[in-house]
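Counting starts at 1 for both ligands and their atoms, following the listed order.
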Amino acid sequence: MFVHDALPMRVVFGAGALDKVAEEVERLGLSRILVLSTPRQGALAARVTTLLGDRAGGTFDGARMHVPVASVVAAEEAVGAAGADGCLAIGGGSTIGLAKALSLRLGLPSVVVPTTYAGSEMTPVWGLTEDGRKRTGRDPVVLPRSVVYDPDLTHALPAAVSGPSGLNAIAHAVEALYAPDGTPVVSAMAERGVHDLAAALPTVVADGADAAARALALQGAWLCGACLGATTMGLHHKLCHALGGMLDLPHAETHAIVLPHVAAYNLPFAPEADTVLRRALATDDVPSALRALAARVGVPAGLRALGVDHADLARVADEVLAAPYRNPRPPTRGDLEAILEAAWRDGP
Ligand code: NAD
């Protein structure tokens with residue numbers, strides 16, 4: 001038996017889709033929109049503001065990594081000053097995270113325009129950081145009402161960000177394939193998403209302006225993000241959450257480095273997931289194919305290349321062991337140490 005609970009999200013996808021933002025806002029009956037971005041993407045926010053015309057209520061370019069509460073409070077003030085009845089987030093997971101925080105705290109509806117492959121726009125998961133601690137939760141109120149994917153906006157995503165970000169998306173699909181709440185719909189999305197990203201990423205990294213590869217990669221990221229939104233993640237996400245939180249590591253790179261090692265550990269205990277991934281990656285050795293893809297798209301060679309001190313791995317293993325979660329193969333402390341060791345050295 002399975003239960004498939006489809007999330008009610010509208011997707012507008014295609015080169016030039018940014019031009020549709022005013023229509024999307026109008027469709028939702030919103031009249032004053034606060035546009036959210038990071039400081040780096042201020043020019044893009046200004047472009048959206050122009051496109052929104054008289055529905056633009058103001059901009060807030062203070063989105064920051066991990067959604068610090070201080071940035072949410074500042075954005076709430078901007079919502080009040082603008083008299084906004086909705087927001088539009090343009091950017092990666094950090095900016096979309098800010099829109100989710102405003103939806104959670106104010107009930108403000110959002111339209112989002114993702115410009116990375118992180119996938120947050122497809123999930124009801126929110127995160128907020130206060131006093132150095134990140135809290136997360138699930139609430140359908142944070143789901144964007146409309147997601148506008150325009151691959152043209154990803155041409156500017158640097159190769160060094162595109163590769164790891166794409167592998168991060170693939171990790172969502174890999175874990176969805178052995179999740180306790182997986183369904184045939186999720187499996188189909190995961191297979192297609194992994195296939196599209198694996199096919200597109202090498203070209204994306206070699207030539208960021210290749211429009212066909214950018215479109216395929218973003219489509220894969222959408223499907224993998226939808227897998228993340230529909231299921232409960234396992235050991236891989238737990239490990240990366242602990243590594244990122246305890247050692248302050250870059251999110252996408254950490255996922256990209258750890259994924260082949262968790263796949264090697266889990267897939268012998270998840271034969272159906274292994275079969276789907278073999279098809280998606282056209283290989284009979286999924287962990288090796290994932291490692292080869294990561295190397296080809298410029299993922300750093302092992303956690304040590306991120307500056308992780310070997311002595312910290314034991315603490316991370318303790319943290320992962322302390323909190324329960326579902327995984328096809330329940331790891332012992334020794335297993336965790338072995339996975340972390342392999343990910344640190346970038347060895348088999
Ligand atoms: P990010 O949003 O932090 O973006 C990184 C930087 O790249 C920012 O300065 C941004 O402005 C810039 N950038 C984004 N798109 C660009 C483009 N096309 N061209 C040039 N620069 C661009 O990074 P991210 O990887 O998208 O998101 C990571 C965050 O998202 C993490 O905090 C993670 O926890 C969160 N996340 C949440 C969920 C969820 O379901 N809640 C899912 C995935 C990720």
Side-chain angles (χ1 to χ4, degrees), residues 7 9 18 35-45 47-48 59-68 71-72 89-101 103-104 110 112-129 134-144 147-173 175-176 204 208-209 214-215 217-218 221-222 224-233 236-238 240-245 248-256 299:
L7 296 175
M9 266 174 306
L18 186 65
V35 178
L36 311 174
S37 76
T38 59
R40 230 167 95 184
Q41 291 184 294
L44 209 47
R47 202 172 134 200
V48 170
T59 57
F60 177 82
D61 70 358
R64 285 171 39 212
M65 190 87 166
H66 302 309
V67 198
S71 72
V72 179
I90 185 158
S94 299
T95 309
I96 294 166
L98 177 61
K100 287 176 160 182
S103 298
L104 185 72
S110 71
V112 311
V113 184
T115 62
T116 70
Y117 305 137
S120 175
E121 66 282 356
M122 283 292 128
T123 86
V125 179
W126 55 266
L128 277 174
T129 302
K134 187 165 181 176
R135 286 186 296 130
T136 59
R138 287 179 96 92
D139 192 324
V141 78
V142 308
L143 282 172
V147 181
V148 177
Y149 286 105
D150 185 342
D152 287 353
L153 303 177
T154 62
H155 291 200
L157 194 65
V161 182
S162 299
S165 189
L167 263 299
N168 181 17
I170 287 177
H172 306 330
E175 293 234 292
V204 156
R214 283 295 191 182
L218 193 60
W222 160 41
C224 291
C227 292
L228 175 68
T231 56
T232 310
M233 297 287 104
H236 170 78
H237 281 71
K238 180 79 203 173
C240 292
H241 187 79
L243 280 162
D248 194 25
L249 300 182
H251 178 84
E253 282 83 350
T254 305
H255 273 268
V299 169

* What distance separates Asn168 CG from Thr116 OG1, expressed to the nearest 0.5 Å? -> 8.5 Å
* Asked: Contact between Lys100 and ligand 1, counting heavy atoms under 4.0 Å?
  -> yes
* Asked: Taking the six-membered ring for Trp, is the centroid-to-centroid distance between His255 and His251 below 6.0 Å?
  -> yes
* Val125, any N or O under 3.5 Å of ligand 1 N or O -> yes
* Asked: Tell me, do Leu18 and Asp152 make a side-chain contact under 4.5 Å, heavy atoms counted?
  -> no
* Would you say atom 12 (C) of ligand 1 has a protein heavy atom nearer than 4.0 Å? -> yes
* **Contact check, side chains of Met122 and Leu228, non-hydrogen atoms, under 4.5 Å** => no
* **Heavy-atom nearest option to atom 32 (O) of ligand 1, drawn from Gln41, His251, His66** => His66
* Below 4.5 Å, heavy atoms only, C-beta onward: do Leu157 and Thr115 meet side chain to side chain? -> no
* **Per-residue contact class, Ala252 against ligand 1 - non-hydrogen pairs under 4.0 Å** => neither
* Distance, nearest 0.5 Å, that separates CD of Glu253 from SG of Cys240 -> 11.5 Å
* **Thr123 N/O under 3.5 Å from ligand 1 N/O** => yes
* Nitrogen or oxygen atoms of Ser94 and ligand 1 under 3.5 Å apart -> yes
* **Pairwise distance CE(Met65) to OG1(Thr38) - rounded to 0.5 angstrom** => 11.5 Å
* **Any protein heavy atom < 4.0 Å from atom 4 (O) of ligand 1** => no
* Give, for atom SG of Cys224 and atom CD of Glu175, the distance between the pair rounded to the nearest 0.5 Å. => 12.5 Å
* Check whether any side-chain heavy atom of Arg64 sits under 4.5 Å from a side-chain heavy atom of Thr129, and report yes or no. => no
* Structure fact -> Of all protein heavy atoms, the one nearest atom 38 (C) of ligand 1 is Ser120 CB, 3.4 Å
* Could you tell me whether ligand 1 has any atom less than 4.0 Å away from a heavy atom of Val161? => no
* Proximal candidate to atom 19 (N) of ligand 1 [heavy atom criterion; set Gly137, Gly97, Ala156] -> Ala156
* **Part of Thr38 with heavy atoms under 4.0 Å of ligand 1, whether side chain, backbone, both or neither** => side chain
* Asked: Below 4.5 Å, heavy atoms only, C-beta onward: do Leu153 and Ile90 meet side chain to side chain?
  -> yes
* Structure fact -> In ligand 1, the atoms that come under 4.0 Å of a heavy atom of Met65 are 3 (O)
* Asked: Quick one: which of Pro250, Pro124, Pro164, Gly93 has a heavy atom closest to atom 24 (P) of ligand 1?
  -> Gly93
* Structure fact -> So the atoms of ligand 1 within less than 4.0 Å of a heavy atom of Thr116 turn out to be 14 (C), 15 (N), 24 (P), 26 (O)
* Looking only at N/O atoms, are His172 and ligand 1 under 3.5 Å apart anywhere? -> no
* Does any N/O atom on Lys134 come nearer than 3.5 Å to any N/O atom on ligand 1? -> yes
* **Residue Gly92 vicinity, atoms of ligand 1 by number, heavy atom under 4.0 Å** => 2 (O), 26 (O)
* Asked: Where do Tyr117 and Ser165 come nearest, in terms of heavy atoms and distance?
  -> N-OG, 3.1 Å
* Structure fact -> atom 43 (C) of ligand 1 has as its nearest protein heavy atom Ala118 O, 3.4 Å
